[in-house]
Number of protein chains: 2
Amino acid sequence: MKTNKTRLLLVEDEDSLGYLLSEYLGMKGFMVKWVKDGEEALAEIGQSTFDLAILDVMMPKMDGFALAERIRLNAVDLPFLFLTARSLKVDVLKGFSLGAVDYLKKPIDEEELVARINAILSRLVPKDLGASGTSFRIGRYELDGKNQKLIFNNDYRTLTTRETELLKILASNKNNLCTHKNILLQLWGDNDYFNRKSLNVFITRLRNYLKADDTIKIENVHGKGFILRVKE
Amino acid sequence: MKTNKTRLLLVEDEDSLGYLLSEYLGMKGFMVKWVKDGEEALAEIGQSTFDLAILDVMMPKMDGFALAERIRLNAVDLPFLFLTARSLKVDVLKGFSLGAVDYLKKPIDEEELVARINAILSRLVPKDLGASGTSFRIGRYELDGKNQKLIFNNDYRTLTTRETELLKILASNKNNLCTHKNILLQLWGDNDYFNRKSLNVFITRLRNYLKADDTIKIENVHGKGFILRVKE
DNA sequence: ACCCGTCTTAATCTTTCATTAATCTTTTTG
DNA sequence: CAAAAAGATTAATGAAAGATTAAGACGGGT
């Protein structure tokens, strides 16, 4: 269920800081999802939409910078800011060059963090309720979720609502299986024989729309679901 | 005539820092106007338009905070950021509560400043407002919102209030979806079956008025709303 | 009271889109 | 390898949304 609260994604491996911030931000009226590494973060981004991501730079497995790059690929217009103990100038510049909207040095003052988050959000284009606009890069295509446009080579095609929603699900789980069940529950809220048939029709249509770039395809996993595969 | 350079207003009483920054920013391709106090700053704002103001907090006569308040009164949507040696938490919060887009603590690193300026500018809501704030360019047409005139080729047509308001909404969200709901709430304050029908009638009328330029059109997104599309 | 310009309502026609159906192809499994 | 299940593809259908045109209502100004 959607609320009109601002949704924040906090990616912080340290337990103490992560807990402190998620509690504090929650108390300040934000909806906070706290995850502890980049993989989880990407999974979350695939599943739901956020207004802003807060990324720790120093993390095991995938650092904040690498994560930011992946975010740019998956959810083109999700703004993000960095938290870091590393205040080396070169890092600050790298952060901004990746498209960060802010770069905060630890120790973090929670009140200042809230002030900065609000400053950032107030500068964002006000989003229509319900139509939270996320864009996705899909090979040489770009999906403009807000305007329901599939852009290719300076040209575009307007998608229907269902087509858009389906492609958004696939694109946000790029190279990962989306089960029938999951898709059907998200799009139809139900999972029966007929919806399943309907899904097939939409898959065919999307394949058709996407055929100009042969580095991407929608694969079927028999009896399981679909994968939007993109060769990098 | 306007240039396409970003125009910065730097308000800094210290000679050495002011000189350093204005030189550096100028070198980086910005158009910089450096003034040394709030009075001068307000005079400049009255005379020309800026994209961003950079305010020192500690200044004689009028401090940065007071200046920011005056700026909000004069040029409502001029974004500003603070430079300051005072990094007291209460000051930082005050800065943001005044509407600052950023708050930088001295010593300033010039490269970081540039990175932050660019981050801010890239996140600004692109406003298609003309000089007056009520004038819009729509392909080869021009909408004079104040006088409710739609100008084309030295000729014009007077629009009704509703027509003007609707076209203003569409024009200020050029190439972006305006949902039914949004439009209806803005124009009718309500969203029911009949208003929706009424909206269709106005859309038809606007399409008719705008048909002389085929690089623009009002697109429908089924079940969602309308987009004023302008080919570049 | 009566225009006149403006907005709303109504009536009618057109288009769009999700669904269903029908048919063909591929994959799995015994 | 053959039958059954799952998937792919194309086309048909009907309901809802949108477009268009015309007629009615409303309100300010003279």
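Letters go in sequence order (proteins before strands), and every chain restarts at 1.
Among D:dG7, D:dA19, C:dT19, the nucleotide with an atom closest to any side-chain atom of A:F202 is C:dT19. The side chain of A:N200 approaches D:dT9 more closely than any other nucleotide in the set D:dG18, D:dT9, C:dT20. When each of C:dT9, D:dA17, C:dC7 is scored by its nearest atom to the side-chain atoms of B:V201, the top-ranked nucleotide is C:dT9. Side chain of A:H222, nearest nucleotide from D:dA19, D:dG7, C:dC17: D:dG7. Across C:dT19, D:dA8, C:dT20, the shortest atom-to-atom separation from the side chain of A:W188 is found for C:dT19.
The separation between B:Y209 atom OH and D:dA19 atom C1' is 16 Å, rounded to whole Å.
When heavy atoms are screened at a 4.0 angstrom cut-off, B:Y193 is found touching no nucleic acid atom at all. In this structure, A:T160 reaches the sugar-phosphate backbone alone: every heavy-atom distance under 4.0 Å involves primed, P, OP1 or OP2 atoms, never a base.
Salt bridge status for A:R116 with B:D102: present, with a side-chain N to carboxylate O gap under 4.0 Å. With respect to the salt-bridge test (charged N to carboxylate O, under 4.0 angstrom), the residues A:E165 and A:R162 do not qualify. A salt bridge does not link A:K36 to A:D13: none of the charged nitrogens lies less than 4.0 Å from a carboxylate oxygen.
Below 30°, between 30° and 60°, or above 60°: for B:F65 and B:Y103 the angle between ring planes is below 30°, a parallel geometry.
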